[in-house]
Asks: 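Here it is: the structure, laid out below.
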Amino acid sequence: MTDAAPVVTRFAPSPTGFLHIGGARTALFNQLYARGRGGRFLLRIEDTDQARSTPEATQAIFDGLRWMGLDWDGEAVSQASRVARHREAAEELLARGGAYRCWATREEIDAARAQAAAEKRPMVFQSPWRDADPATAPDAPCVVRLKAPREGETTVEDAVQGTVRWANAQLDDLILLRSDGTPTYMFAVVVDDHDMGVTHVIRGDDHLTNAARQSLIYAAMGWPTPTFAHIPLIHGPDGAKLSKRHGALGVDAYRDMGYLPEAMRNYLARLGWSHGDDEYFTDAEATAWFDLSGVNKAPARFDFAKLADLNGRHMRDADDARLVAACLDLMARQGRPMADAATQARFAQAMPGLKLRAKTLVELIETAYYIFATRPLEIDEKAAKLLDPAGRDILAKLTPSLAAVTDWRSAAIEAQTRAFAEAHGLKLGAVAQPLRAAATGRAVSPGVFDVLETLGRDESLARVGDQTG
RNA sequence: GCGCCCUUCGUCUAGCGGUCCAGGACGUCGCCCUUUCACGGCGAAAACACGGGUUCGAGUCCCGUAGGGCGUACCA
């Protein structure tokens with residue numbers, strides 16, 4: 001089917017906290033879908049719940065989306081700013097008989113529901129005011145309810161879930177306007193999506209039932225329903241709902257754990273969506289490939305191991321200077337003092353070897369210990385073993401050879417060290433390992449001769465000297 | 001309680017009736033490469049939830065069962 005109507009999608013988070021991982025993926029899917037088709041991707045903040053919405057949370061969502069590299073078209077819409085329009089739409093529906101005022105009290109409703117539950121019937125509240133004579137109305141604030149059909153069924157053609165049906169008897173006369181005159185989420189979404197020209201509503205599976213309710217509103221308003229696509233939720237590694245313990249962190253937490261935004265996008269796109277066997281891809285590829293038909297129906301578990309693997313691959317392909325900047329930035333957030341220019345230069349020089357050995361920026365920073373540390377180095381346990389008396393003895397003997405290297409570069413240092421090892425009937429490893437331990441304080445590092453070159457002749461010799469007394 | 005959705009290796013998934021004694025990726029375990037670790041290469045173990053149908057033939061279609069999830073608000 002090819003129609004001329006441009007695709008318009010939107011991400012509509014409620015500002016009650018940070019942007020969590022599930023929301024980030026929903027936004028991603030919406031962006032991929034729209035941009036892949038030359039359409040527009042909009043952002044709307046669902047702040048109709050005054051009590052729970054905060055400006056800080058709204059800002060956190062903006063920041064989170066930006067860090068994730070998700071950018072919406074135009075200005076973000078505040079749902080709360082549109083209450084006049086919501087009220088107007090409700091009045092229109094009221095005038096047309098598609099809605100009615102209801103004075104039922106909270107107690108009456110609760111009692112009716114309890115009754116229904118006891119009788120094992122659906123707990124839908126049937127308001128006595130649906131067909132009551134308005135003249136009998138009390139002089140009290142009331143709510144506006146949709147006059148939903150009680151017979152027949154409502155079906156939703158979902159782009160991911162397929163055709164889903166509900167008996168209308170299961171759907172109640174939902175509240176459109178609260179007794180204080182503010183719109184409910186259920187009503188505001190429909191009015192806003194319609195007014196904003198949204199053609200595809202891509203959102204979490206938890207909204208599937210809402211699609212039925214909202215369909216009823218669309219029908220009552222006489223508006224065409226958009227295409228719905230309910231994507232499965234993300235679960236924690238244990239299969240349970242995402243909790244703070246595992247993945248339900250703000251995206252800023254992932255930034256602090258050292259993940260790259262492009263890796264997050266890649267991982268999140270692949271979680272619940274597939275394009276054949278493709279695992280590692282660019283944003284351009286994802287945009288070109290993404291389609292609702294490739295979205296899975298079952299919930300997926302969040303797997304840090306796979307995220308880490310993807311992150312490692314994206315780091316290897318990332319620009320060195322950018323990684324340096326990202327690491328420095330992360331270190332600053334970790335409260336570390338800013339490294340001086342010379343150290344930063346050494347860091348940049350070592351980056352090719354460093355990024356090959358890390359899955360996250362945090363790991364990368366850890367393996368770069370030897371660059372940021374100052375003498376005397378803190379020798380870890382494994383390095384200490386390498387620096388046993390025998391190891392120190394070898395280093396002591398190696399020192400003159402090392403000191404004789406005038407052209408302090410990796411290749412020259414290596415040649416000299418190999419010559420030394422051969423002359424003493426030692427395997428290269430027997431010399432290189434203690435050398436690495438002395439130079440880095442660790443048993444693991446990039447190629448030791450590269451490390452030495454990065455450190456420079458004086459610093460290198462001094463570190464070896466620290467171990468040979 | 002009622003309604004809806006889901007169910008392929010530990011995890012993410014491919015599979016859209018026969019080419020599947022089920023393929024890829026992560027993870028795990030071996031081996032190789034090697035100054036360490038990584039990278040890279042090679043290899044291994046590892047799944048169609050269960051039971052009925054339909055069909056010449058089912059991972060693929062239908063119905064049950066079990067398990068999981070979501071919803072059931074004057075929250076979003």
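Hydrogens, waters and symmetry mates play no part in the numbers below; they use all other heavy atoms, side chains included. Just so we're on the same page: letters track the sequence lines, and every chain starts at 1.
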Asks: Pick base, sugar-phosphate or nothing for A:Arg442, based on heavy-atom distances below 4.0 Å to the nucleic acid.
Replies: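 Nothing: the residue A:Arg442, judged by heavy atoms under 4.0 Å, touches no strand.
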
Asks: Which residues satisfy the ring-ring contact (aromatic ring centres under 6.0 Å, His included) test with A:Tyr369, sequence neighbours excluded?
Replies: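 With neighbours one apart ignored, the set is empty.
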
Asks: Between A:Ser401 and A:Gln416, is there a side-chain donor-acceptor contact under 3.5 Å, judged purely by atom types and distance?
Replies: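 Result is no, nothing qualifies.
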
Asks: Find the distance A:Gln115:CD to B:C2:P and express it as a whole number of Å.
Replies: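 Computing the A:Gln115:CD to B:C2:P distance gives 16 Å.
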
Asks: Can you tell me how far P in B:G10 sits from the matching atom in B:A49, rounded to whole Å?
Replies: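 Those two atoms are separated by 12 Å.
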
Asks: Does atom CZ of A:Arg85 have more than 12 heavy-atom neighbours, drawn from other residues, nucleotides or ligands, at distances under 6.0 Å?
Replies: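 Yes.
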
Asks: Determine, for A:Asp283 against A:Arg265, whether the closest basic-nitrogen to carboxylate-oxygen distance falls under 4.0 angstrom.
Replies: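 Yes, this pair counts.
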
Asks: Could you say whether A:Thr105 or A:Ala167 is positioned toward the 5' end of RNA chain B, judged by the nucleotide with the nearest heavy atom to each?
Replies: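 Final value for this comparison: A:Ala167.
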
Asks: Please determine whether any donor N or O and acceptor N or O are separated by less than 3.5 Å between the side chain of A:Ser179 and the base of B:C74.
Replies: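 Under the 3.5 Å cut-off, the side chain and the base do form a donor-acceptor pair.
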
Asks: Give none if B:A66 has no partner; otherwise give the nucleotide forming a Watson-Crick or G-U wobble pair with it, both distances under 3.5 Å.
Replies: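 The base-pairing partner of B:A66, which may sit in any strand shown, is B:U7.
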
Asks: Strictly below 4.0 Å: does A:Ser274 bring a side-chain N or O up to OP1 or OP2 of B:A14?
Replies: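 Yes, such a contact exists.
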
Asks: Under 4.0 Å between a Lys/Arg side-chain N and an Asp/Glu carboxylate O for A:Glu453 and A:Arg409?
Replies: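 A:Arg409 and A:Glu453: not salt-bridged.
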
Asks: Between the protein and nucleotides 60-62 of chain B, list the N/O to N/O atom pairs that are separated by less than 3.5 angstrom.
Replies:
none

Asks: What distance, rounded to whole Å, do you find between the two P atoms, one in B:C62 and one in B:G27?
Replies: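 It comes out at 36 Å once rounded to the nearest Å.
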
Asks: Tell me the interatomic distance from A:Phe125, atom CZ, to B:G1, atom P, rounded to whole angstroms.
Replies: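 About 24 Å, once rounded to whole Å.
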
Asks: Partner of B:U54 by Watson-Crick or G-U wobble geometry, both contacts under 3.5 Å, or none?
Replies: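 Here B:U54 is not engaged in any pair, so there is no nucleotide opposite it.
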
Asks: Once each nucleotide of nucleotides 24-46 of chain B is scored for protein heavy atoms under 4.0 Å, what B/S/- sequence comes out, 5' to 3'?
Replies: BBS--------BBBBSS------

Asks: Once you round it to whole Å, what is the distance between P of B:C74 and CZ of A:Arg101?
Replies: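 Interatomic distance, CZ of A:Arg101 to P of B:C74: 18 Å.
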
Asks: Between A:Asn168 and A:Glu151, is there a side-chain donor-acceptor contact under 3.5 Å, judged purely by atom types and distance?
Replies: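 Their side chains do not contain a donor-acceptor pair, so the 3.5 Å distance test is not met.
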
Asks: Please report, rounded to the nearest Å, how far the C1' atom of B:U13 is from the CD1 atom of A:Ile234.
Replies: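 Whole-Å distance recorded here is 15 Å.
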
Asks: A:Asp193 CG to B:A76 P: how many Å, rounded?
Replies: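 Distance, rounded to whole Å: 15 Å.
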
Asks: Which residues in residues 145-161 of chain A have a heavy atom closer than 4.0 Å to any atom of RNA chain B?
Replies: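 Correct list: A:Gln161.
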
Asks: For residues 419-435 of chain A, pull every pair meeting side chain to side chain donor-acceptor pair (under 3.5 Å), keeping only residues two or more places apart or in separate chains.
Replies: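 Found A:Gln433-A:Arg436.
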
Asks: Could I get the full list of side chain to side chain donor-acceptor pair (under 3.5 Å) partners for A:Lys397, not counting sequence neighbours?
Replies: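 Here the qualifying residues are A:Asp393.
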
Asks: Which residues satisfy the side chain to side chain donor-acceptor pair (under 3.5 Å) test with A:Asp172, sequence neighbours excluded?
Replies: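 Testing A:Asp172 for side chain to side chain donor-acceptor pair (under 3.5 Å), a comparison that skips the adjacent residues, returns A:Arg213.
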
Asks: Any side-chain donor-acceptor pair under 3.5 Å between A:His275 and A:Asp278?
Replies: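 A pair is found: one side chain offers a donor N or O, the other an acceptor, under 3.5 Å apart.
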
Asks: In the strands shown, is B:U60 matched to any nucleotide by a Watson-Crick or G-U wobble pair with both distances under 3.5 Å, and which?
Replies: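 Result: none.
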
Asks: Among residues 386-403 of chain A, which ones have heavy-atom contacts with RNA chain B below 4.0 Å?
Replies: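 The answer is none.
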
Asks: Determine, for A:Asp193 against A:Arg44, whether the closest basic-nitrogen to carboxylate-oxygen distance falls under 4.0 angstrom.
Replies: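 Yes, A:Asp193 and A:Arg44 are salt-bridged.
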
Asks: Are A:Arg313 and A:Tyr280 in a cation-pi contact, defined as NZ or CZ under 6.0 Å from the six-membered ring centre and within 45° of the axis?
Replies: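 Because its charged atom sits under 6.0 Å from the ring centre and within 45° of the axis, A:Arg313 does stack over A:Tyr280.
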
Asks: Quick one: list whatever passes side chain to side chain donor-acceptor pair (under 3.5 Å) with A:Asp303, sequence neighbours left out.
Replies: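 Residues passing side chain to side chain donor-acceptor pair (under 3.5 Å) with A:Asp303: none at all.
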
Asks: Answer yes when A:Glu108 and A:Arg106 have at least one side-chain N-carboxylate O distance shorter than 4.0 Å, and no when they do not.
Replies: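 So A:Glu108 does not pair with A:Arg106 through a salt bridge.
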
Asks: Is it possible for you to check whether A:Arg25 lies under 6.0 Å from the centre of the six-membered ring of A:Phe29, through NZ or CZ, and within 45° of that ring's axis?
Replies: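 Yes, A:Arg25 lies over the aromatic ring of A:Phe29.
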
Asks: Report yes or no: do A:Asp450 and A:Ser410 form a side-chain donor-acceptor pair below 3.5 Å?
Replies: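 Yes, because at least one side-chain N or O of A:Asp450 sits under 3.5 Å from a partner of the opposite role on A:Ser410.
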
Asks: Distance between the C1' atoms of B:U54 and B:C63, in whole angstroms?
Replies: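 To the nearest whole Å, 11 Å.
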
Asks: What do you reckon, are the aromatic ring centroids of A:Tyr218 and A:His194 less than 6.0 Å apart?
Replies: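 Not close enough - the centres of the two rings lie 6.0 Å or further apart.
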
Asks: Quantified in whole Å, what is the C1' atom distance between nucleotide B:G30 and nucleotide B:G69?
Replies: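 The same atom, C1', in both gives a distance of 39 Å.
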
Asks: Just the atom pairs and distances: protein N or O near nucleotides 48-50 of chain B's N or O, under 3.5 Å.
Replies:
none

Asks: Taking side chain to side chain donor-acceptor pair (under 3.5 Å) as the definition, give me every residue that meets it alongside A:Asp139, ordered by chain and number, with sequence neighbours left out.
Replies: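 Per chain and number, A:Asp139 pairs via side chain to side chain donor-acceptor pair (under 3.5 Å) with no residue.
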
Asks: Taking atom types as modelled, find out whether A:Tyr100 and A:Asp173 have a side-chain donor-acceptor pair closer than 3.5 angstrom.
Replies: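 Side-chain D/A pair, A:Tyr100 to A:Asp173: present.
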
Asks: Roughly, in whole Å, what's the span from NE2 in A:His86 to C1' in B:A76?
Replies: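 Distance, rounded to whole Å: 13 Å.
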
Asks: Taking only nitrogen or oxygen atoms into account, show me every contact under 3.5 Å that the protein makes with nucleotides 63-73 of chain B, one pair per line with its distance.
Replies:
unit_1, atom_1, unit_2, atom_2, d
B:C70, O2', A:Asp206, O, 3.4
B:A73, OP2, A:Arg113, NE, 3.4
B:A73, OP2, A:Arg113, NH1, 3.2

Asks: Which one is paired to B:G27, where only Watson-Crick or G-U wobble pairs with both distances under 3.5 angstrom count?
Replies: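 Its partner is none (no Watson-Crick or G-U wobble pair with both distances under 3.5 Å).
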
Asks: Any strand counts, and the cut-off is 3.5 Å on both contacts for Watson-Crick or G-U wobble. Which nucleotide pairs with B:A14?
Replies: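 For B:A14, the partner nucleotide comes out as none, under the 3.5 Å rule.
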
Asks: Under a 3.5 Å cut-off for both contacts, is B:G1 paired Watson-Crick or G-U wobble with anything, and if yes, with which nucleotide?
Replies: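 B:G1 is paired with B:U72.
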
Asks: If you pin A:Arg121 and A:Asp180 to their nearest nucleotides in RNA chain B, which one's is more 5'?
Replies: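 By nearest-heavy-atom nucleotide position, the 5'-most residue is A:Arg121.
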
Asks: Hey, what do you get for CG (A:Leu43) to CD1 (A:Ile45), rounding to the nearest 0.5 Å?
Replies: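 Atom-to-atom, A:Leu43:CG and A:Ile45:CD1 are 4.5 Å apart.
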
